[in-house]
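All remarks here apply to the structure that follows.
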Amino acid sequence: MHVETPAVHRLPAGRREQALRVLKLAQELGFSLAEIRGIAPLLTQGGLPPEQVRAFVQEKIAVIDRRIGELQDLRERLVRAGYRWPDDG
């Protein structure tokens, strides 16, 4: 996934490197390209306020928690289905 944007490339060198590090970290933490694009403009306008970063991360954690719950439910259904499966013999 390529996270650089034209707006980031127009930043001065020091700010550009910082913005690219933040975008790369977001990518490594599992944020989607659409989610990363949502924060890219903020990076070009002076950075991300800490409260906005916390909200961004908390929202992602909530999505992951919901997905974990869905996967645990699916696992439980598979376990039950496996125990109820008729024997061939």
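In this chain, numbering begins with 1 at the start of the sequence shown. Quick note: numbers below take in every heavy atom, side chains included, and nothing from hydrogens, waters or symmetry partners.
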Return all side-chain donor-acceptor pairs below 3.5 angstrom for residues 71-79, not counting sequence neighbours, or 'none' if the list is empty.
none

Show me the donor-acceptor pairs, under 3.5 Å and distance only, between side chains in residues 61-70 and residues at least two apart or in other chains.
residue : atom : partner : partner atom : Å
Arg67   : NH1  : Glu70   : OE1          : 3.2

Which pairs of donor and acceptor atoms, one on a side chain in residues 53-60, lie under 3.5 Å apart (sequence neighbours left out)?
residue : atom : partner : partner atom : Å
Lys60   : NZ   : Gly30   : O            : 3.0
Lys60   : NZ   : Glu35   : OE1          : 3.2

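Applying the side-chain contact (heavy atoms from CB on, under 4.5 Å) rule to Glu28 yields the partners Lys24, Leu25; only residues at least two apart in sequence or on another chain are considered.
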